[in-house]
Amino acid sequence: MSQGAKASSAITIDKLIKKFPLPGLGENFVVLHDISLTVDEGKFVSIVGPSGCGKSTLLNVIAGIESYDGGTVTIHPKGGRATAEPRIAYVFQSPRLLNWLTVENNINFVLEAQKVPRARWRELVAKNLEMVGLAGQERNYPLNLSGGMQQRVAIARALAIEPDILLMDEPFSHLDAITARKMRFDLMEILQRAKPTILFVTHDLSEAVFLSDSIYMMSTKPARIFKQVSIDIPRPRKPEDSTILDLEKTLVRDFFSVVEAQG
Ligand code: ADP
Ligand code: MG
């Protein structure tokens with residue numbers, strides 16, 4: 001239960017350890033080492049780290065897709081929800097839509113899986129498509145849409161289940177730079193309205209600084225968190241603002257000093 005003015009946490013991870021087997025050797029390698037982090041309810045938290053450091057593995061553990069070998073992962077249900085089981089939505093690097101289903105049925109598919117009453121489907125589809133700027137696309141098919149529009153459908157599908165927690169794994173990294181920039185602005189606007197708790201993974205520091213309330217920086221082999229930064233730059237933000245650029249520069253320097261220390 002939340003106490004006083006203290007923010008209640010949505011995700012608490014304490015000393016998480018995750019190993020994968022080394023093929024053919026009968027041994028394990030440690031991919032995540034002693035990872036501890038908290039994500040407070042309603043906050044946008046990013047994890048930034050180089051490719052291959054274990055970011056997707058961490059999200060998969062939180063989503064319950066991967067097991068883990070030590071520590072604890074606790075997902076706290078949002079205050080007031082009747083069911084004790086928190087709802088987690090996941091947006092991947094690629095949209096992962098079912099191309100043989102209409103946009104509407106792609107969303108209905110997850111609503112059904114999440115046991116959302118059928119009577120609410122139409123409203124949830126319309127509301128969330130409108131939110132991502134795709135009102136009226138219900139009957140269209142994914143392959144008629146651009147990459148950016150497909151990723152918008154994936155975001156609408158994720159928000160439609162009214163998640164307690166939204167996990168996003170480099171959702172804009174497959175888009176061209178101009179579309180990605182527009183999507184970041186739009187995501188900020190969407191979140192003003194939907195306000196889920198977000199754990200966002202990226203290798204792009206400037207994206208993380210622009211979007212986040214808090215950033216955890218990860219180094220590699222094994223992945224550990226070497227720094228946490230809280231960002232209280234007011235919104236709406238502009239990626240070119242000097243406060244954003246200055247923070248980015250500082251964080252890039254921190255990254256290099258850690259990478260160099262690792263050799
Ligand atoms: P990131 O998302 O940061 O790029 P990943 O979490 O995908 O990194 O991968 C972290 C490390 O774990 C990599 O070395 C990758 O090869 C390894 N890995 C990921 N998934 C598996 C798996 N299912 N089995 C064995 N090794 C894996
Ligand atoms: Mg990844």
Side-chain angles (χ1 to χ4, degrees), residues 11 13-39 44-73 75 88-97 147-148 150-151 154-155 157-158 163 165-177 179-180 183-184 187 198-212 214-229 248 251-252 254-263:
I11 306 173
I13 296 178
D14 191 41
K15 298 187 173 65
L16 174 69
I17 295 178
K18 169 70 186 169
K19 300 172 185 173
F20 278 126
L22 274 172
L25 296 178
E27 290 172 31
N28 292 323
F29 79 97
V30 178
V31 53
L32 300 173
H33 177 69
D34 219 7
I35 301 282
S36 297
L37 61 86
T38 7
V39 180
F44 192 119
V45 176
S46 289
I47 295 169
V48 186
S51 264
C53 79
K55 303 182 297 298
S56 297
T57 303
L58 177 58
L59 285 194
N60 289 340
V61 166
I62 294 169
I65 300 169
E66 284 282 3
S67 61
Y68 51 101
D69 301 282
T72 55
V73 175
I75 314 284
I88 300 179
Y90 206 149
V91 174
F92 301 93
Q93 256 176 307
S94 55
R96 301 200 188 183
L97 301 176
Q150 290 185 27
Q151 197 59 313
I155 293 171
R157 177 178 60 181
I165 290 158
L166 178 55
L167 304 176
M168 303 185 91
D169 191 359
E170 310 203 37
F172 309 137
S173 62
H174 281 180
L175 303 175
D176 65 81
T179 309
M183 295 284 289
R184 282 181 209 115
L187 181 64
I198 301 206
L199 187 56
F200 187 97
V201 153
T202 180
H203 60 257
D204 182 337
L205 256 175
S206 59
E207 175 171 65
V209 172
F210 174 64
L211 292 170
S212 313
S214 164
I215 299 181
Y216 286 93
M217 306 213 327
M218 259 166 102
S219 64
T220 186
K221 292 192 174 89
R224 59 180 189 86
I225 287 167
F226 67 90
K227 186 175 176 125
Q228 185 272 333
V229 212
E248 249 175 77
L251 298 183
V252 166
D254 290 346
F255 251 118
F256 277 108
S257 61
V258 168
V259 171
E260 271 161 24
Q262 283 184 327

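Atoms within a ligand are numbered from 1 in the order they appear, just like the ligands themselves.
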So, does [X] use its side chain to make a donor-acceptor pair with the main chain of [Y] at under 3.5 Å?
{"X": "Arg184", "Y": "Phe172", "value": "no"}
{"X": "Gln150", "Y": "Leu97", "value": "no"}
{"X": "Ser46", "Y": "Val48", "value": "no"}

Which distance, rounded to the nearest 0.5 Å, do you find between the [atom1] of [X] and the [atom2] of [Y]?
{"X": "Ser36", "Y": "Ile13", "atom1": "OG", "atom2": "CD1", "answer": "8.5 Å"}
{"X": "Ile11", "Y": "Ile88", "atom1": "CD1", "atom2": "CD1", "answer": "7.0 Å"}
{"X": "Met218", "Y": "His203", "atom1": "CE", "atom2": "NE2", "answer": "14.5 Å"}

**Asked** Under 4.0 Å from atom 16 (O) of ligand 1, do we find at least one protein heavy atom?
**Response**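 Protein heavy atoms within 4.0 Å of atom 16 (O) of ligand 1 - there are none.
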
**Request:** For Arg224, check side-chain hydrogen bond (donor to acceptor under 3.5 Å, both in side chains) against everything at least two apart and list the hits.
**Result:** none

**Message:** Among residues at least two apart in sequence or on other chains, which ones pass salt bridge (Lys or Arg N to Asp or Glu O under 4.0 Å) with Glu248?
**Reply:**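 Residues passing salt bridge (Lys or Arg N to Asp or Glu O under 4.0 Å) with Glu248: none at all.
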
**Request:** From the options Gly54, Gly49, Ala223, select the one whose nearest heavy atom is closest to atom 8 (O) of ligand 1.
**Result:** Gly54

**Prompt:** Out of Leu58, Thr57, Leu22, Ile47, whose heavy atom sits nearest atom 5 (P) of ligand 1?
**Reply:**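 Minimum heavy-atom distance to atom 5 (P) of ligand 1 goes to Thr57.
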
Tell me the protein heavy atom at minimum distance from [atom], and give that distance in Å.
{"atom": "atom 4 (O) of ligand 1", "value": "Gly52 N, 2.6 Å"}
{"atom": "atom 23 (N) of ligand 1", "value": "Phe20 CE2, 3.6 Å"}
{"atom": "atom 7 (O) of ligand 1", "value": "Ser56 CB, 3.8 Å"}

**Asked** Is there a nitrogen or oxygen of Pro21 sitting under 3.5 Å from a nitrogen or oxygen of ligand 1?
**Response**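 There is no such contact.
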
**Prompt:** Below 3.5 angstrom, do we get any N/O pair linking Glu170 and ligand 1?
**Reply:**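 Checking ligand 1 against Glu170, no N or O pair falls under 3.5 Å apart.
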
**Message:** Short of 2.8 Å from the Mg ion (ligand 2), name each protein N/O/S atom, waters not counted.
**Reply:** Ser56 OG

**Request:** Find all atoms of ligand 1 within a distance of less than 4.0 Å from any non-hydrogen atom belonging to Val31, and give their numbers and elements.
**Result:**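 The atoms of ligand 1 under 4.0 Å from a heavy atom of Val31 are 10 (C), 11 (C), 12 (O).
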
**Atoms of ligand 1, numbered as shown, that sit under 4.0 Å from any heavy atom of Ser51** =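 Numbered from 1, ligand 1 contributes 4 (O).
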
**Asked** What orientation do Phe255 and Phe226 show, parallel under 30°, tilted 30 to 60°, or perpendicular over 60°?
**Response**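 Judged by the thresholds at 30° and 60°, the geometry between Phe255 and Phe226 is perpendicular.
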
**Request:** Give me the one residue out of Val61, Leu37, Ile62 that meets side chain to side chain contact (heavy atoms under 4.5 Å, CB included) with Leu16.
**Result:** Val61

**Request:** Keeping to residues at least two apart or across chains, list the salt bridge (charged side-chain N to carboxylate O under 4.0 Å, His left out) pairs with something in residues 15-25.
**Result:**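 Non-adjacent pairs meeting salt bridge (charged side-chain N to carboxylate O under 4.0 Å, His left out): Lys18-Glu66.
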
